[in-house]
2 protein chains.
Amino acid sequence: MPTPSTPLGEFDLIGKYFTRPVQRVALGVGDDCALLQPAPGMQLAVSSDMLVEGRHFLSTVAPERLGHKALAVNLSDLAACGARPLAFTLALSMPRVDERFLEGFSRGLFALAEAHGCELAGGDTTQGPLNICITVFGEVPPGQALLRSGARAGDDVYVSGTVGDARLALEAFRGTVALAGDHFEQARVAMEQPQPRVALGLALRGIASSAIDVSDGLLGDLRHILQRSNVGATLEVDRLPRTAVLAAQPLALQRECTLAGGDDYELVFTAAPAQAEAVQAAARQAATPVTRIGRIEAGSVLVLVDAQGQTVADHFGSFDHFKS
Amino acid sequence: MPTPSTPLGEFDLIGKYFTRPVQRVALGVGDDCALLQPAPGMQLAVSSDMLVEGRHFLSTVAPERLGHKALAVNLSDLAACGARPLAFTLALSMPRVDERFLEGFSRGLFALAEAHGCELAGGDTTQGPLNICITVFGEVPPGQALLRSGARAGDDVYVSGTVGDARLALEAFRGTVALAGDHFEQARVAMEQPQPRVALGLALRGIASSAIDVSDGLLGDLRHILQRSNVGATLEVDRLPRTAVLAAQPLALQRECTLAGGDDYELVFTAAPAQAEAVQAAARQAATPVTRIGRIEAGSVLVLVDAQGQTVADHFGSFDHFKS
């Protein structure tokens, strides 16, 4: 066994930090493959997200929050499909074995995993620049997954929770915004510990006509729905829900953060007007506020309007990992 | 649309290089999740491997071979479980959009994927140090997966193909060995384009008592079987199959490469002596030679013996990504 002064080897660190008793997974960490037994007739929803330092998190993030976030962004994809989390694999590249990092990272990771009944089924560890790749598995009855392609003209557009705080925190880290200590901490938690809207996604099955999670910015992600559904939309930009912390900032910054901020991990979704009551009931059931922010239109144009109904110029980009 | 002088954005490059028509996957690249419909009653075998430059491949590798290898090492894990490949996700971090790289990488990737009927279901691309993480999905009837834990005292130990050429090539790249041009190329292909033994893994269902693929070195990987199965083994080191290229090297180097080389992606497996004929029939069916290299023993010791039955000192390490 390694002594405290001996760095852990690959198999030691998997055993110490990333092995938990198997529950619903038929075979977990430690063989060539994990074995999952999908429930009869269910479809398996699969998503994979890779997190890179400086792109998806800052070097200042606490390891526990990073462990949380790495899984949260993946669970958010399941939420956007209305899938129930089952299991995940973790591939982790690190410059060196840092037990303080591993202890915090695994604690944050497993806390969120256990809150969602999502088991670590297997993975890989290697030496290299810090990189975290999680692939998550969920289940959904055939035909019930929420897709990007189902929006229809006349549908209402909704968003869950609030948007923009993660970007506000990033601007504070960049030094372009000054925030008081408690305001900074609130925004920072939004950036570093997003809460995936799994319960809302499940509650919206059969109610929402389309859905996506906001990772690259609300406008850009809404555009994915519009493109896939061959529709346009009118978005009421002043209705976008925001925290009091963000609402205290200049209007131009509020708009930048809410419309193009990214890293929100809220759900943007559409539903027919006849489903308005059902949407609110789903929101209550999931204990997640939702706000109507616009309407799907025929055509392919996305129009932004303010509270007075005036058109707002759309100069907002979407986050692109190779253009930002 | 981007002009040739404009670097592709994230979504453009996914569309151009990583989107193929959906076949057996219910929903593929381009939504929050991919949707898989497992065949009724089948278990899903899942494995994830992350490849980092300098650890798993050299910067000199041709992109096409790298695309092949990134999927091959994952298919090798399915092979070791006796699972039939279904689909995979790809997460790719790259310093910049290099279309020459992407064209070759995706060509090598899809050539191997199509050869095994394994579909790209989804994934992620981002900017960062070059890192390739593939998660692969296969199916296997419940109870038929080949595990590491099934070896029993008296079983024969086998290995497929030949071992050691990948390590020989690495030593040539390192300058510790000089190889003639055609010898170098043969060893280099073994290192850069390993052929996953999927057909053999499938043919060994119900015949092999345990299996693992050789990624970290034959001795180290065999030890995983011994530990999981609570057994020992006698390994006849001079019986390890090797190419003529490797057999032309000094004996000490041959032993180092065959026993502890790694990156072979052959299968090491065990089977009861009564299955000896069935093993050879499976090998013929899979058009993959297999060689008996030892025997499982009671206890927990791994003994190496030479052709004269003399004990060979075991000073061979296993590859550990944090200790090498």
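Residue numbers begin at 1 in each chain, while the letters A, B, ... track the order of the sequences.
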At a heavy-atom separation under 4.5 Å, does B:Leu90 approach chain A through its side chain, its backbone, both, or neither? neither
Chain B shares the most heavy-atom pairs under 4.5 Å, among A:Ser48, A:Pro142, A:Ser149, A:Gly54, with A:Ser48
A:Ala211 portion near chain B, given a 4.5 angstrom heavy-atom threshold: backbone
Decide side-chain contact (heavy atoms from CB on, under 4.5 Å) for A:Gln127 and B:Val52; before the verdict, give the C-alpha distance in whole Å, the side-chain angles of both, and the deciding distance to 0.1 Å. CA-CA 8 Å; A:Gln127 190 182 54; B:Val52 176; over 6 Å; no
So does B:Met42 get a backbone contact from the side chain of A:Gln37, meaning a donor-acceptor N/O pair under 3.5 Å? yes
So, B:Asp77 side chain and A:Cys33 main chain: donor-acceptor pair closer than 3.5 Å or not? no
B:Asn131/A:Met50 under side-chain contact (heavy atoms from CB on, under 4.5 Å): CA gap, chis, key distance, verdict: CA-CA 9 Å; B:Asn131 184 306; A:Met50 180 175 265; 3.2 Å; yes
Residue part contacting chain B, namely of A:Leu130, when any heavy atom lies under 4.5 Å: neither
Side chain, backbone, both or neither of A:Val136 within contact of chain B (heavy atoms, under 4.5 Å): neither
For A:Val46 and B:Phe88: C-alpha separation, side-chain torsions, deciding distance, then whether side-chain contact (heavy atoms from CB on, under 4.5 Å) applies. CA-CA 10 Å; A:Val46 179; B:Phe88 67 104; over 6 Å; no
Which atoms of A:Ala145 come close to chain B, meaning under 4.5 Å heavy atom to heavy atom: side chain ones, backbone ones, both, or neither? side chain
Nearest-0.5 Å distance, CG of residue A:Asp124 to CD1 of residue B:Ile134: 12.0 Å
With rounding to the nearest 0.5 angstrom, report the CZ to CG distance, A:Phe137 to B:Leu36. 9.0 Å
side-chain contact (heavy atoms from CB on, under 4.5 Å) assessment of A:Leu35 paired with B:Val140: CA-CA 9 Å; A:Leu35 295 177; B:Val140 60; 3.9 Å; yes
Between A:Leu78, A:Thr135, A:Leu51, who has the most heavy-atom pairs with chain B when the cutoff is under 4.5 Å? A:Thr135
For chain B, which of A:Ala79, A:Cys133, A:Pro40, A:Gly138 has the most heavy-atom pairs under 4.5 Å? A:Cys133
